[in-house]
Number of protein chains: 2
Amino acid sequence: MVKRISHSESRCGVARPLDAIGDWWSLLIVRDAFDGLRRFGEFQKSLGLAKNILAVRLKNLVAHGILETVPASDGSPYHDYVLTEKGRGLFPVLAALRQWGEAFFFEPGEKHVVLVDKKHGQPVRKLELLAQDGRVLGPEDAEVRRQPLRH
Amino acid sequence: MVKRISHSESRCGVARPLDAIGDWWSLLIVRDAFDGLRRFGEFQKSLGLAKNILAVRLKNLVAHGILETVPASDGSPYHDYVLTEKGRGLFPVLAALRQWGEAFFFEPGEKHVVLVDKKHGQPVRKLELLAQDGRVLGPEDAEVRRQPLRH
DNA sequence: CGCTTACGGTTTTAATTTGCAACCACGAGA
DNA sequence: TCTCGTGGTTGCAAATTAAAACCGTAAGCG
């Protein structure tokens, strides 16, 4: 979006994603895409953002391989925007963000929605980072490390 | 940051967090805070962003209760910025974002870092949304639902 | 056919935000 | 006293965002 060059020569695993979805609207567009919205007009109505901004954001998401355009499912002369594999990979990010929002951005007692397991209608478990052996890892238990390539 | 009023009267559990951390730099500041950075200068050196921008971001994160200022640990006349409980709650978000970045933003073979379990040095498990009964939930298996208040 | 509407944008223009650079304030040392 | 390091603030130019008007195509209708 903007020529944002990190001070280190190559962007890290957190900064690169932010280039793709690090603005206010993009993640909301992706969320709506998970909710089944596909058309320009659907996104615009749902989000209430200016059409030029939406056009730029969609273009950006497509450029980053998060959405792709497919021929319109209803025969109209336009196209649909659908999530790619990469885009669907954002599901845990969105879930984590939502859980954090639900936990910290609502007054106790303020009504809000929660993520539930569709099958049983029960709230989902809180997302937790787990080690291979199943231990729950907190911020102090994990670190980034250069991984020996194996392929 | 900006008076962004969603078309629906009250912001949802995804949009509210984005008001707090939905800009390019804020999450990177939080990540650095998880890495133990505490001082204005440390953040600035690490991220390489303009001082005025950093000042505004830090102020915003403090205003949102994600960081708080504490008297400097080294006796200098300034203060440290440390994560609050709410801020530490962002750990899964950051982990999810990092895993997504690692999975989709690097060429195969391009060297990059991965999150590892500090204790055993092994890569962590991929974050997964789980139902109460332990089933892994994909985008189609979960939905948002108004939760009956219970307290 | 001629008129109107819906859809999916693009263009124009103004307001807001960003980022660089210069400046300021304060305390510690020399 | 002079200078330096730290932690900002201020001014200003450039980039981004947002609102609104406009455009082109296709469909619906009388």
Side-chain angles (χ1 to χ4, degrees), chain A residues 1-8 11 15 18-30 32-33 36-64 67-82, chain B residues 1-8 11 15 18-30 32-33 36-64 67-82:
Chain A
M1 201 135 307
V2 80
K3 49 157 202 350
R4 218 136 20 182
I5 297 160
S6 171
H7 81 296
S8 40
R11 296 250 232 312
L18 289 177
D19 255 1
I21 52 150
D23 65 281
W24 207 81
W25 290 114
S26 295
L27 256 190
L28 290 175
I29 292 171
V30 170
D32 277 359
L37 303 198
R38 307 164 66 90
R39 298 294 287 269
F40 187 96
E42 291 180 318
F43 291 113
Q44 212 224 325
K45 186 146 57 97
S46 166
L47 298 170
L49 82 175
K51 296 204 291 182
N52 52 351
I53 303 296
L54 177 58
V56 170
R57 290 296 178 276
L58 287 174
K59 217 165 282 182
N60 188 49
L61 288 170
V62 170
H64 276 95
L67 295 178
E68 61 184 343
T69 55
V70 302
S73 50
D74 63 351
S76 62
Y78 309 109
H79 49 252
D80 288 4
Y81 297 91
V82 301
Chain B
M1 201 139 306
V2 83
K3 49 158 199 352
R4 218 138 17 184
I5 296 159
S6 171
H7 81 297
S8 39
R11 298 250 232 311
L18 289 177
D19 255 2
I21 51 149
D23 65 281
W24 207 80
W25 290 114
S26 294
L27 257 190
L28 289 175
I29 293 171
V30 170
D32 276 358
L37 304 198
R38 308 164 66 90
R39 297 294 289 267
F40 187 95
E42 290 180 319
F43 290 113
Q44 212 225 327
K45 185 147 55 103
S46 165
L47 298 171
L49 82 175
K51 297 203 292 180
N52 54 348
I53 304 294
L54 177 56
V56 170
R57 290 294 178 277
L58 287 174
K59 218 167 281 183
N60 188 50
L61 289 169
V62 169
H64 276 96
L67 294 178
E68 61 185 341
T69 55
V70 302
S73 51
D74 63 351
S76 62
Y78 309 109
H79 49 252
D80 288 4
Y81 297 91
V82 300

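Chain identifiers are assigned alphabetically (A, B, ...) following the order of the sequence lines, protein sequences preceding nucleic acid strands; residue numbering begins at 1 within each chain.
D:dG7 atom C1' lies 10 Å from atom CG of B:L54, rounded to whole Å. Atom pair B:E42:CD and D:dT6:C1' shows a separation of 12 Å (rounding to whole Å applied). Note: CZ (B:R57) to P (C:dG19) measures 7 Å, nearest angstrom. Across the protein-nucleic acid pair, A:Y78 atom OH and D:dA26 atom P stand 8 Å apart, rounded to whole Å. A:Q44 has its CD atom 17 Å from the P atom of D:dT17, to the nearest Å. Nucleotide C:dT18 holds its P atom 14 Å from the CH2 atom of A:W24, rounded to whole Å. What separates CG of A:N60 from C1' of D:dT16 is a distance of 13 Å, to the nearest Å. Protein atom CG of B:D23 is 14 Å distant from nucleotide atom C1' of C:dG19, rounded to whole Å.
Between A:P77 and A:I53, the residue anchored closer to the 5' end of DNA chain D is A:I53, taking for each the nucleotide with the nearest heavy atom. Mapping A:N52 and A:S76 onto DNA chain C by nearest heavy atom places A:S76 at the nucleotide closer to the 5' end.
Between B:Y81 and D:dG8, a side-chain N or O to OP1/OP2 separation shorter than 4.0 Å is present. Of the side-chain N and O atoms in A:K59, one or more sit less than 4.0 angstrom from OP1 or OP2 of C:dT10. Dashed line: the shortest gap from a side-chain N or O of B:W25 to OP1 or OP2 of C:dG19 is under 4.0 Å. Residue A:R39 places no side-chain N or O under 4.0 Å from the OP1 or OP2 atom of C:dC7. When the side-chain nitrogen and oxygen atoms of A:H79 are compared with OP1 and OP2 of C:dC7, none of them lie within a distance under 4.0 Å.
A side-chain hydrogen bond (donor to acceptor under 3.5 Å, both in side chains) with A:R38 holds for exactly one of A:D74, A:D32, A:D80; it is A:D80.
Expressed to the nearest 0.5 Å, how far CH2 of A:W25 lies from CD1 of A:I53 amounts to 9.5 Å.
B:Q44 places no side-chain N or O within 3.5 Å of a backbone atom of B:A50 that could act as its donor or acceptor partner. The main-chain N or O of A:Y81 is never found under 3.5 Å from a side-chain atom of A:E68 such that the two would form a donor-acceptor pair.
Here the nucleotide nearest the side chain of A:A55, chosen from C:dT10, C:dT18, D:dT17, is C:dT10. Taking only side-chain atoms of B:K51, from C-beta outward, the nucleotide of C:dG27, D:dT9, D:dG5 with the closest atom is D:dT9.
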* To do: Let me see the working for B:S26 and B:H64 under side-chain contact (heavy atoms from CB on, under 4.5 Å), right down to the final yes or no.
  => CA-CA 11 Å; B:S26 294; B:H64 276 96; over 6 Å; no

